[in-house]
Each structure stands twice: as C-alpha cells, then as structure tokens.
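All chains are named by letter (A, B, ...) in the order of the sequence lines, taking the proteins before the strands, and each is independently numbered beginning at 1.
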There are 2 protein chains.
Amino acid sequence: MLKPTHETIDVNGRRYRLPVAPTAVVCLGGSSPDYLDAALSAGVTPFIARMMREGASFAADGVVPALTHANQVSIACGVPPSLHGICGNTVRDPLALGGEGADIALHGADDVRAETVLATAARAGARVAVVTAKDKLRRLLGAGLKGIRFSAEKAAQASLAENGIADALDLVGLPSPYVYSPALSEFVMAAGVRLARMRNVDLMYLATHDYVQRKWAPGSVEANAFHAMVDRYLAQLDALGWVIGLTADHGMSAKHDARTGKPQVAYLQDALDAWLDFPSTRVVLPIADPHVVHHGALGSFATIHLPPDLDADDVVALLRGLDGVALAMGRNEAAACFELPADRIGEVVVIARDDFVLGRREREHDLSALTVPLRSHGGFGEQAVPLLFNRRMASIDASRRWRNFDVFDLALNHAVRGDDFAFERALRVPERAMHAG
Amino acid sequence: MLKPTHETIDVNGRRYRLPVAPTAVVCLGGSSPDYLDAALSAGVTPFIARMMREGASFAADGVVPALTHANQVSIACGVPPSLHGICGNTVRDPLALGGEGADIALHGADDVRAETVLATAARAGARVAVVTAKDKLRRLLGAGLKGIRFSAEKAAQASLAENGIADALDLVGLPSPYVYSPALSEFVMAAGVRLARMRNVDLMYLATHDYVQRKWAPGSVEANAFHAMVDRYLAQLDALGWVIGLTADHGMSAKHDARTGKPQVAYLQDALDAWLDFPSTRVVLPIADPHVVHHGALGSFATIHLPPDLDADDVVALLRGLDGVALAMGRNEAAACFELPADRIGEVVVIARDDFVLGRREREHDLSALTVPLRSHGGFGEQAVPLLFNRRMASIDASRRWRNFDVFDLALNHAVRGDDFAFERALRVPERAMHAG
C-alpha cells in the first residue's frame, strides 16, 4: 500500500497515486481475450502485440453479471457492484406505483453509491477527461466529475455546463457518428488522441461500444478491422508518452445453435407462469432498459422477484430443470458470490449456460430484428477480459486474481516509470493517417 | 410418466421401461461437444453424423464437479450426486484417525447411496452388461449388479464370481490393453460389439477412458482418430439393431497458458497457509485419489475443510481474491447449487476459472510428469456434454434442461420404436474390419 501523501487519493478503500505521467484507461466494450488473440494472430494489432511483449498482460475477470454498466462503473470506482450499486440497466422497485412495483432504470448519477477514481482525482487537482460511446454511460460515469465528459453519441450537443467542453465535434474532427455503427467507437478513440494532443489532460477514460462484437465473432474481418483501428489510436497515445491500461467490460459469445443459427433462449417468465399459480412473479433482465424491448434485451443473467408467500428455494429447484439454465440460486448466496447489492436484485438469480440467453416471455421479445445470429453476454462465459499495459508492472502480487476494476490501481500505482519512453518511436503514426478507418 | 407395469422399474424416483429393443448407453470419457463437432467437421464420424441427422441430439449438461465418477454414477443412477453420494474420488473424513482426519477414497460399492438403473433392471429380469475402461469404475457401477461387469484394465483377470464372465479376453478377441493408451477405450467398444453379437444382452453400459482427451485437443489427429474408432463400433451396434444413447461424463479443456504452455494452477493450500494462522485447514481435490499425486490430481474443483473456529465466510472472501478462482462459496450454497451431498464436501467449495486448475501445495504436485500442456476438467467449462441417439425421441418436454443422467430415461422411455431399422444397412461394417484401430 502506498503511503498517503498530497499526491495520493483514497477512493472506496483503495489508495491511488495521482498520475505522474499522463494515463489513459481504455475499456473496449465486449472485447473478450479471444478477440485480441484472433487479431494478434492475424497480425493486425502490432501495437497491442508490443504491449504484450514489452509491457504487461494479465488474464483477468470482470464482474458477473457480465454487463456493460455493472463493469464500467466497477472499473471507474475500483470496486465491485456490492459497493457501488450498479448491477445492470434495470432494477425492480417493488414499492413503486403504490406497491404494484415497477422496473426502473439504473442510469442516474444518483444511483451510483460510490465515488469514481476519476471524480476524486479531479477534485484533487488532476485534469480528467471521460469519453464514452453512449451518452447513458457518460451520465453514469460523469457523476460528480469536474472535467471533460462527453459521449460520441451526443458530441454534437456537448456544452460546457453539461460536458466540460463546448466544441467536442470540432476537437475530434470527425462527423457525428451514427449510433449503431463502428464509427461510434472510432470517434471515442479519435477523441482520446485529440484530447491528448490538444488539451492538458492527466487522466483519461475511454469506453468504446460493443456494436461490432455483438455482430461479429473473433477473427472475423469486421472484428479484426475494429481492433486494428483501436490499435492505431493506442499507438498514437503511446507515442505521445501516455501510460495505457487496456481492458474490457465483458466478453461476447455466440448464443445460438451453431448448426441452425437459431437463438437459444430460456424464457423464464413463460416457464414460471406455466409452473406456478402465482401471477406476481417478475423476471427482470438487467441487460435491458426498462420498457425497451429489442434483441439486446436478451443476456445470460436474470433476477426474479417473488411474492412474499412463494418460497425462493422452490423456484430455484424448478429453474434448475429448465433448458439453458446453468445456475439458479437465492438472493443472499448470489449477492455474496458475485459481490452484488442485495437490495437491487430479486429473491432468485439465474445464470444461463454459456450458449444460452434468458428472456421473459417469448411474445415480448422480437427476434425478427436480428440480422445476424445472436451474440450476447451476461454470464460466466463473458467474464474473462483482457488487462494489458504499455508499461511493465512493479510490486505486484503474482498470485492475485486480477479484475478489470484493478486497471486504475495497476496503471497509477504499479506502472514502471523508467521505461516511459521505451517504446520505439517508429510506431508513431503520421497525423494524416489518424482517422483512417 | 409411464404407467407402472411388470415391464417398468422404479429407480430413485424415476420410472423406466425395461428394454424393448436391446439398448446401449455409451459414455465417452472427456468428450465435450467440441470433440464431436471437430470430428464431424473432419468427416471422420459418419455414423455420429447420421445419429444427429436421423436420430436425436440435445445440448446437455453433466454434473459439477465435472469429474468422472460423480458423472458416471449420476448417469447409472439417473440422479445427481446429492442422491447417490459420489462427488469425486476422495472425501475427507474429519473423524478418522481418532479425530485427526484423513482423506479416504470413494471407490467402494458401499459408498454409493442409490441403486443403479442397471442393477434394478437386472433384478427385474433384463440381461445387463457393463464394460468400463478402468476397474475402479467397474467396481462402483457393479454395485449389486447381477450380470456381466468387467473392465478393459482387468479383463485378463475376469472371473465368473467377480465379473459374471470368465472369458472376457477371449470374447473380445483383443490383447489385454495397456492402461495408459487409447487401446483401453477401444477394448471397451470392441467388447460392447462382441457382447451384442455373442451374448444375449438387453441393456449395456459402455464407459471409455479420457486418456486421449487429456492429451489432445478437439480436432487434433489423435482426437479425430479416437472418435472415428468409436464411430465404427457404434455403427456396428446400430447394424445389430441396438438403440444407442451416446453421452459423456464431462468435457476437457486446456488448463495452460496458450502462449507458453505453462500449467495455470492456483495452489489453494499454499494460499491458505500464507494467509491464515490456522494449520488445520485442509484442501481436498476430489479429482485425485487420496495419496496418489500425479498431474491428474489437478482439476478445476476443490473443497476445503476448516477447523471449527474459522469462519467459512472469511475464507471464501480471501479465496475470491486468488488468481484462477472463479467461484468460492459455502458448503450449503454449494450443495444446493450443484446438487451435492453436503456431508461429503468441506465447509468451502472452490471452482476454478475455465483455464485454471486448483492444486494443494506447489511442492506436492509433480508437474514434470506432464509430457503435453495440461488439459483437465472439473468446473463449469467441462459441464457441456453431448447427448445423442440413433432414434428419434417422442413425448419429450422441449423446454427441459437435459443432463447426461437423463440418457437412460430417453433411451428406454422415449426412443421411437418404429424406426428401429431405419438406418441403412450399408453402414454395416464387415467383421474383419471390426478391430481396426
């Protein structure tokens, strides 16, 4: 543990050194290690290859549920959801609507119960920038943050009051990207490099979107092109002298029959309705936004709220017999096992088999919108994430289980400073190539 | 549910029809679905391809711990370990040696707390045969069985009293196989076909050994050759009119660093010894035989016995921070989640990340004996198993989670009888080709 100095901050029980060299944490949405491995094999990510060879690389785990916000907020806060409270997009409030209960979104800055490393560092004097793909995530991570904070999605609307920057589009120099395209993530990476060049920033967090990973498997032309794009921008950050930590929020897996391409879905609410004479069980899919039903609403993690007179053990036993279910357990066991906030999950937690997703009722999910065989996340199969750095690491415990939410600790407290400029200048990319897709 | 008749038997709460057509259940040791998929892609298993096309195929789960005996006995009994009691090779008896405690083997017929479908069917008049690769498994499955029961390993020593057959070697017509070779499993398959040809048998259980899978990955020349061998014998059983159910006890995964080939092991006893001032914690590796330490003693599942004054929650919290650990939980949660006998596991249960195994102390495991990068099993990554039949299935619940221990139920109660001879005779293999490797 570092000694406290005026150059350290304490955040959620961990101590961090304020950045000595400018430091960027890059979180790739949905990039499991197999995406990086395939891109490395194809030779399209020479800078990442160099990070692995000359920097440091760890096998790491994200948080289960392997969902975007649960992991992004864990990374930003350096602690699991039990401490910061964000365990998905949706939570059930059983007391809403006069006791009827309602699914509510977990998107408000007020919903986050812990401080981020970013906000605390900013308050201690560090110049901080956060760029996300989606604006929803920017709102969550921007909680209490004095600094630049904008999303690729809403860069055109950025204002000094709301985002700490008024000219985001001009700064980045790219057109406002279409939200459902790889351009959204490239905008984030380009913004990071531009901020590094044009603004005085000490600490940066960049979060790309999993659009490509949702559609394309590791090793596909599209996935390799995406990671090659990321690689080029990382090389530029490195050439500018930045310490880089690279991780992911979660992986992404095929959730369809390999032969037929048909989605593999266990419809939990249908099953409960058929088994039980209790109309008031309520399956909540934390991958989904409340009231927004599309194919993205299917992930490998669900929680179930039960009426008071229904025994959770009985429901657990029934669910264990349902095709596609890997694990069903009670609230307290799940909260302890997965470090979740017990008050924001149901009495029962279900995790799907790696190649399955969990739905509510078949008629509530419109699978006709799927243009490619379903890929998704949320369970054990998407917990493995990359964790790599363009610096060697000192004073680390070799036996420790690494998590994606250790990335700030490693980058700020353990990166070896002596080799800040050890990476060859030959990797510097000419300015004109900066925005090549 | 079938109506009870003189042609049905009740075993551990499930009702089975006695075989109408001769029925074989074949359990491939360590053959995860990816082994079959790779062999199918290579085109070397034409009969299995036909089973998938014209029979029935389910994605199924085995039992966690994904270990041989826990799954083999589950299959034979049609129920999980909570009911039959076999959850590994080793169990800790804390009262042994005058309270000092000792690891004891779970290999005795007396250790099985439930009846097998095989033994009950034999008592009801079915002519039953069980052939296993290893003799240890034969002893477990032979519990109370009136019928033929021998192992490839000890076929040369088979006697009428112990094995229900005196001339096992002569019957099979192959030399006594070396125990650490693919020949051990080929002997099992050859024995099955010979029994089908030469003896009056109604119900047969064949269990091959995971020697090949431990050494070779899916799609390797060696793994494809193994499954091609199995395929040839299955085709012969089919040509003889047998109903065939094919499953596996567990899968098999790489447990080493993909780049360096180095085994990835979390040494739990070393970690506990370093953390705690309690000399009497005891890590038990149920994959291992007690007192036999070799590379096979490393799997992805462990249980830990604690002294009475040590809080399991504290140990669970520590273990969650150890590299390679995917899940740590208390005894009761684990027993409920994984349907295990609570009295045969420790106060804490640990499951490794898919690419890790769990060891006791580093100095207790001799990894120098590894001739190829470590592959093993025991955790979630090895729970998926094939489950296929050379018959179509009737009256089945499409939403059900299938387990390998449903194989007797499906083969005996749901196989469609009308197409017993639907498979083309062209697949019949000439007798002289029978033993070709």
*Contact listing (chain B partner; residues 259-267 of chain A; heavy atom under 4.5 Å)*: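 So far as heavy atoms go, A:Arg259 are the residues that approach chain B to under 4.5 Å.
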
*Interface residues of residues 247-257 of chain A facing chain B - heavy atom cut-off under 4.5 Å*: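 The list, in residue order, is empty: none.
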
Pairwise distance [atom1]([X]) to [atom2]([Y]) - rounded to 0.5 angstrom:
X        : Y        : atom1 : atom2 : result
B:Phe380 : A:Leu327 : CZ    : CG    : 5.5 Å
A:Arg320 : B:Arg401 : CZ    : CZ    : 9.0 Å
B:Asp397 : A:Leu322 : CG    : CG    : 8.5 Å
A:Arg353 : B:Asp61  : CZ    : CG    : 5.5 Å

What part of [X] is in contact with chain A, defined as an atom under 4.5 angstrom from a non-hydrogen atom: side chain, backbone, both or neither?
X        : result
B:Ala328 : backbone
B:Asp313 : neither
B:Phe338 : side chain
B:Ala326 : backbone

_Among B:Ala59, B:Gly324, B:Ala398, B:Gly381, residue most engaged with chain A (heavy-atom pairs, under 4.5 Å)_ =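 The residue among B:Ala59, B:Gly324, B:Ala398, B:Gly381 with the greatest pair count is B:Ala59.
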
_Heavy-atom pairs under 4.5 Å with chain A, option from B:Met329, B:Glu333, B:Gln383 with the top count_ =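 Most heavy-atom pairs within the cutoff with chain A belong to B:Glu333.
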
